[in-house]
Amino acid sequence: MNQRILFLGPPGAGKGTQAERLAASHNLLHLSTGELLRAEVAAGSALGQEAEAVMARGELVSDSLVLAIVRARLACCSGGWLLDGFPRNLAQAEALQQLLEEIGQPIELVVLLALDDETLVQRLLSRGRADDNEAVIRNRLVVYRDQTEPLIAFYSAQGLLSSVEASGSVEAISERISALVG
Ligand code: AP5
Ligand code: MG
């Protein structure tokens with residue numbers, strides 16, 4: 001069984017939904033940088049105040065801020081984990097690689113959740129989170145294409161990437177993912 005897993009995919013692909021299920025069934029630590037940042041915003045911390053406007057525009061929060069959040073949580077534990085929404089660009093991927101080398105916990109599997117743009121937009125519009133209005137969703141998609149998509153080649157080159165069709169029922173997608181995780 002793969003125990004150190006990364007979920008990659010555009011906004012609305014179902015990373016959070018599927019990560020929650022896989023973390024529960026396989027007893028993994030689920031780290032969503034988006035959720036962690038929203039918790040900081042809700043708490044009104046200095047970090048949250050810095051992140052709030054950036055998130056409202058659908059841009060990426062600074063690498064150093066996100067890395068600090070992830071480092072603290074990964075370094076603590078020796079069990080399996082599942083990263084959702086991180087890394088988001090090559091700089092974060094390289095920093096993560098270095099951190100994981102330091103703690104001796106290399107990534108075992110990268111799952112790409114693939115879905116067409118129109119379905120993504122429809123899913124997010126019907127959810128209605130603070131950053132789920134059409135203009136911001138479109139910007140999140142642009143940011144994903146520009147900054148996050150290059151990670152597909154980065155992890156493919158390392159032989160770590162598997163793609164999953166992220167359409168259909170939540171249960172059907174979970175089964176596809178479980179088959180990869182083992
Ligand atoms: P983040 O929270 O990561 O948002 P995102 O990538 O835009 O993706 P979502 O969380 O919206 O979608 P998801 O793929 O998790 O899908 P979900 O399961 O929710 O990031 C938000 C912001 O934080 C960023 O824009 C950035 O500002 C900042 N940030 C976060 N990480 C960062 C980082 N590393 N560096 C810098 N900045 C960072 O599903 C979506 C909806 O679809 C839900 O309503 C769900 O119920 C529904 N759904 C799921 N599966 C299905 C299905 N099979 N059928 C029908 N509906 C479904
Ligand atoms: Mg999410």
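Scope of the values below: all heavy atoms of this structure, side chains included, with no hydrogens, waters or symmetry mates. Counting convention: from 1, in listed order, for ligands and their atoms alike.
Residues with a heavy atom under 4.0 Å from ligand 1: Pro10, Pro11, Gly12, Ala13, Gly14, Lys15, Gly16, Thr17, Thr33, Gly34, Leu37, Arg38, Met55, Glu59, Leu60, Val61, Val66, Gly85, Phe86, Arg88, Gln92, Arg123, Leu124, Arg127, Arg129, Asp131, Arg140, Gly168, Ser169, Val170, Ile173.
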Checklist entry - Going through the checks in order, is the side chain to side chain donor-acceptor pair (under 3.5 Å) test met by Gln3 and Trp81? => result CA-CA 6 Å; Gln3 297 213 83; Trp81 41 254; over 6 Å; no
Checklist entry - When you look at Arg127 and Asp132, which way does the salt bridge (Lys or Arg N to Asp or Glu O under 4.0 Å) test go after all the steps? => result CA-CA 7 Å; Arg127 178 178 60 187; Asp132 285 342; 2.7 Å; yes
Next on the checklist: side chain to side chain contact (heavy atoms under 4.5 Å, CB included) for Leu8 and Glu149? Distances and angles first, verdict last.
Outcome noted: CA-CA 9 Å; Leu8 205 59; Glu149 236 172 27; over 6 Å; no
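Annotation: side-chain hydrogen bond (donor to acceptor under 3.5 Å, both in side chains) contacts involving residues 43-52, sequence neighbours excluded, comprise Glu40-Ser45.
Residues forming a side-chain hydrogen bond (donor to acceptor under 3.5 Å, both in side chains) with Ser167 (at least two apart in sequence, or on another chain): Glu165.
Grouping Ile, Leu, Val, Met, Phe, Trp and Tyr residues whose side-chain heavy atoms lie under 4.5 Å apart, directly or via other members, places Leu124 in a hydrophobic cluster with Leu115, Leu120, Val121, Leu125, Ile137, Leu141.
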